[in-house]
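Beneath this line is the structure, given in structure tokens, with notes to follow.
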There are 2 protein chains.
Amino acid sequence: MPETHSRADRISGTRYGNRPTMKDVAARAGVGLKTVSRVVNGETGVTAETERRVQEAIDALGFRRNDSARVLRKGRTASIGLVLEDLADPFYGPLSRAVEEVARAHGALLINGSSAEDPDREQELVLALCARRVDGLVVIPAGDDHRYLEPELKAGVATVFVDRPAGRIDADVVLSDNYGGARAGVAHLIAHGHRRIGFIGDMPRIHTAAERLRGYRAAMEDAGIPVEDSWMSLGVTDPGRVRRAAEEMLSGPSPVTAVFAGNNRVTVTVVRVLAEQARRVALVGFDDFELADLLRPGVTVVAQDAATLGRTAAERLFRQLDGLLLTPERIELPTRLITRGSGELPPTD
Amino acid sequence: MPETHSRADRISGTRYGNRPTMKDVAARAGVGLKTVSRVVNGETGVTAETERRVQEAIDALGFRRNDSARVLRKGRTASIGLVLEDLADPFYGPLSRAVEEVARAHGALLINGSSAEDPDREQELVLALCARRVDGLVVIPAGDDHRYLEPELKAGVATVFVDRPAGRIDADVVLSDNYGGARAGVAHLIAHGHRRIGFIGDMPRIHTAAERLRGYRAAMEDAGIPVEDSWMSLGVTDPGRVRRAAEEMLSGPSPVTAVFAGNNRVTVTVVRVLAEQARRVALVGFDDFELADLLRPGVTVVAQDAATLGRTAAERLFRQLDGLLLTPERIELPTRLITRGSGELPPTD
DNA sequence: TAGAGCCTGGACAACGTTGTCAGGTGCGGG
DNA sequence: CCCGCACCTGACAACGTTGTCCAGGCTCTA
């Protein structure tokens, strides 16, 4: 007989779902069902001898408690859901990990899904998670109307929004100071002598993009600089179009001498474009990214702390679950300007 | 009365767990329980009028099917588990996302957890996922003994290992050609005239690290170059120690003229160290990373495709679930050498 | 030695859903 | 006019677990 069993053996041998249950364990150990339950859950009131017998049966049968059934009985699932835009985006990795760590500390598992920036997909995911009866939700919203969550909130699903506020419902939200950060970043460029400053950002229907745009406008207005339309490119994220947008504002009738990039993906593409330019163009990006310090010049950024964002949200979620939070709040975390060279270049007309 | 309701209202109004059930919907609609089930699941055999009444009750009560109970009845959970090392590592983001996409295409959700490279934590996570009765598991193993999974495999939990093979059990595995990739990378350096080549990698108990080391040794042996101990640094990953290791092999009695970095984190740190050196040292890294092309010189790497790794594994998982795969297999994906400059620098003694 | 109290173990219902099956209604054909 | 058939609907059990409650046996004390 060969030493390795093929999967066919395994499946046909014991059909899927034919896992041993507490009943089977009880039968084998010659005890009652409830006694097995007690042993499995480490409850008191079982003789050492009985416990040994039960444990033996558990090991022999390869029994593992079915948490689905447990959930049904107990009400809580000890799992939380995280809905974000794209797990592959380096900004969300640390955020997700931070949420996971907090969940782990509370004995909960993390289910997560990517909305791909699509409101319908976000809703679909969120509702699927609610159907699974996750105890709580951390949501980085793609859509701007979350009334579909009303029944869930009523039913007691803890919910915290991150990075962008919820739309048309009253819920906790943890976000970065996008407006203040962008404003400071653009002011930094102005302080270094720039007046024709370009802005490349995402669609203004995305809250963060709108706020950063607002910060850009505010900084320009503070300095009394009228903004020309050709300096702004909104709703542009894919590399090809960002490239074109950057090239246009660099070569137009009143070419910019500096660029403010609305997020990390945009920044990276702009870096590429600027590297090809003959003249030196200043750059400040929103979001820090790895190796920004190793580029020549180093890239000056407005940094937000994704991990802290995630940790703060998750902690708030569990405080909700403990019944400690009564009123939805808006928590805004500060950003930090990190100067590395690209934002300190003087204008070259 | 204020327009916003406090969370206290919501919770005390309807206690947690007091969600409407099909029974409630049935009572309100004046129909039987099973009829509600039929409507909710889109089964046939319900009058339009009855369906309308039921739908009305559903909307009025904010009913949502409890998938936990459904799972209990049906046997499958339509969810799969992904256990990896660290979600925050840029290598795992795309992998995780790829797994998610495949899961989504099969109507399944993804639960994931980070093992933090700790075998105990890996086991804890895997077993927790099994207790939730995930239909399948994609595991990037941290440990090297997976016999604890035997009962689960017997019970029919589909399992695919990724990036590193399972230990002491017979299971599907999808991995990159670490040995061949490293060998090609080091051979590339040798072809450019280097003989004193350093290797900085992770602990050899990690399969990928061991394979890459083996590739390094093979390439050196192919060229008839005896390897000196001082050129190798194993089990080193945190930036501080990588830095020290790199500095030592650059300044020792027989200083290296080129470095092969065993993974992306090591590569990045080595780039930093090399940037501070007076003489030019060649570098080839295992794993590609964003912006590698923008550095001066661009960093030559042996690239593996994390997304393909994840997609391949997930697809295989679902084929297992469909009962189509009978024998565990080992699938090895090729790597690709991407030359960007750093690996083509000549030796400078 | 008898009664009280404690400890251990088991029977039973319930969690919310779905599969099975049988009952009831309306309609068409023989 | 009645039978049979198709169609719709609902009662009931079952999924695997946990909470409640009770029975029986033991020890301890008066």
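Here is the naming used below: chain letters follow the sequence lines, and residue numbers restart at 1 for every chain.
Counted by atom type alone, Ser114(B) and Glu85(B) present zero donor-acceptor pairs between their side chains at under 3.5 Å. Side-chain atoms of Arg65(B) and Asn41(B) include a donor-acceptor pair closer than 3.5 Å. In this structure, a donor-acceptor pair under 3.5 Å is present between the side chains of Thr77(B) and Asp135(B). Inspection of the Gln123(B) and His146(B) side chains reveals no N or O donor paired with an N or O acceptor under 3.5 Å.
Within the 3.5 Å criterion, the main-chain N or O of Leu84(B) finds a donor-acceptor partner in the side chain of Ser115(B).
Residue-level contact check: Val40(A) touches neither bases nor backbone, having no heavy atom under 4.0 Å from any strand. In this structure, Val71(B) reaches neither bases nor backbone, as no heavy-atom distance under 4.0 Å exists between it and the strands shown. When heavy atoms are screened at a 4.0 angstrom cut-off, Val46(A) is found touching the sugar-phosphate backbone but no base atom.
Between Thr50(A) and dT8(C) there is no side-chain N or O to OP1 or OP2 distance below 4.0 Å. Side-chain nitrogen and oxygen atoms of Asn41(B) include at least one within less than 4.0 Å of the OP1 or OP2 phosphate oxygen of dT18(C). Neither OP1 nor OP2 of dT17(D) sits under 4.0 Å from any side-chain N or O of Ser68(A). Regarding contacts with the backbone of dT18(C), a side-chain N or O of Ser37(B) is found under 4.0 angstrom from either OP1 or OP2. Of the side-chain N and O atoms in Thr21(A), none sit less than 4.0 angstrom from OP1 or OP2 of dC15(D).
One atom, CD of Glu49(A), and another, P of dC26(D), lie 16 Å apart when rounded to the nearest Å. Atom NZ of Lys23(B) and atom C1' of dG10(D) are 15 Å apart (whole Å).
Between Leu72(B) and Thr35(B), the residue anchored nearer the 5' end of DNA chain D, judged by the nucleotide with its closest heavy atom, is Thr35(B).
Taking the side chain of Arg65(B) as heavy atoms from C-beta on, and the options dC15(C), dT17(C), dT17(D), the nearest nucleotide is dT17(C). Minimum atom distance to the side chain of Ala69(A) is reached by dG16(D), of the listed dG9(C), dT17(C), dG16(D). Of the candidates dT9(D), dG10(C), dT17(D), dT17(D) carries the atom nearest the Arg70(A) side chain, counting heavy atoms from C-beta on.
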Enumerate all atom pairs, one protein N or O and one N or O from nucleotides 19-21 of chain C, separated by less than 3.5 Å.
residue : atom : partner  : partner atom : Å
dG19(C) : OP1  : Lys74(B) : NZ           : 3.4
dG19(C) : N7   : Lys34(B) : NZ           : 2.8

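Evaluated for a side-chain contact (heavy atoms from CB on, under 4.5 Å) with Leu137(B), the options Ile80(B), Leu149(B), Leu82(B), Val160(B) yield exactly one hit, Leu149(B). Checking Met22(B), Glu51(B), Arg52(B), Lys34(B) one by one against Val39(B), the side-chain contact (heavy atoms from CB on, under 4.5 Å) holds for a single residue, Glu51(B).
Within residues 54-62 of chain A, no residue approaches DNA chain C, by heavy-atom distance under 4.0 Å.
Contact check on Arg311(A) versus Glu315(A) returns no salt bridge, with no Lys/Arg side-chain nitrogen under 4.0 Å from an Asp/Glu carboxylate oxygen.
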